[in-house]
Amino acid sequence: MTTEYKKPLPYIHSETKAYWEGAKAHELLIRKCRTCGRHHFYPRDLCPSCFSSDVEWIKGSGRGTIYSFTICHRPAPSFEKEVPYNIVLVELEEGVRMMSTVVECSNDDLEIGMAVEVVYDDVTPEVTLPKFRPVGRPARDRT
Ligand SMILES: [Zn+2]
């Protein structure tokens, strides 16, 4: 059962439609360039490395590490009840970085370099948001 979701939802257009359909199916889809072999994120029809339009979708591993993060104490509109909340930049195994949030972990336990894996938050029947959670040792076991 879904309660009404009142926070902003993504604007889904032709370049990102497959990404959001993948998220809804609990798959993290990433663009890969067939010309230079590099992955990129956010999804675009042109490779940002070599400007080739020969790009494909691949299923990402969903694993990565926290590249950087911040804790927001002044909320964005509609996020007033969430403060303090984290915004993380996750470096995926494929080498791209994506902005998201880490769940199942207190903000105090977040660390740069922490191994994380994707989880899917079905916020509406149409939209699923990829988020991340720690993997490996529980954060509180770290020294
Ligand atoms: Zn390329």
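None of these values were measured; they are calculated from a predicted model. In listed order, ligands and their atoms are each counted from 1.
Here the side chains of Ile87 and Met99 are in contact, with some heavy-atom distance below 4.5 Å. At least one side-chain heavy atom of Ile71 sits under 4.5 Å from a side-chain heavy atom of Phe69. Contact of the Glu94 side chain with the Ser61 side chain is registered, since non-hydrogen atoms from C-beta on lie closer than 4.5 Å.
With the Zn ion (ligand 1) as the vertex, SG (Cys36) and SG (Cys33) define an angle of 110°, rounded to 10°. An angle of 110° is found at the Zn ion (ligand 1) between Cys47 atom SG and Cys50 atom SG, rounded to 10°.
Arg63 has a carboxylate O that lies under 4.0 Å from a charged side-chain N of Glu93, or vice versa, which qualifies the two as a salt bridge.
For His40, every N, O or S atom stays at 2.8 Å or more from the Zn ion (ligand 1).
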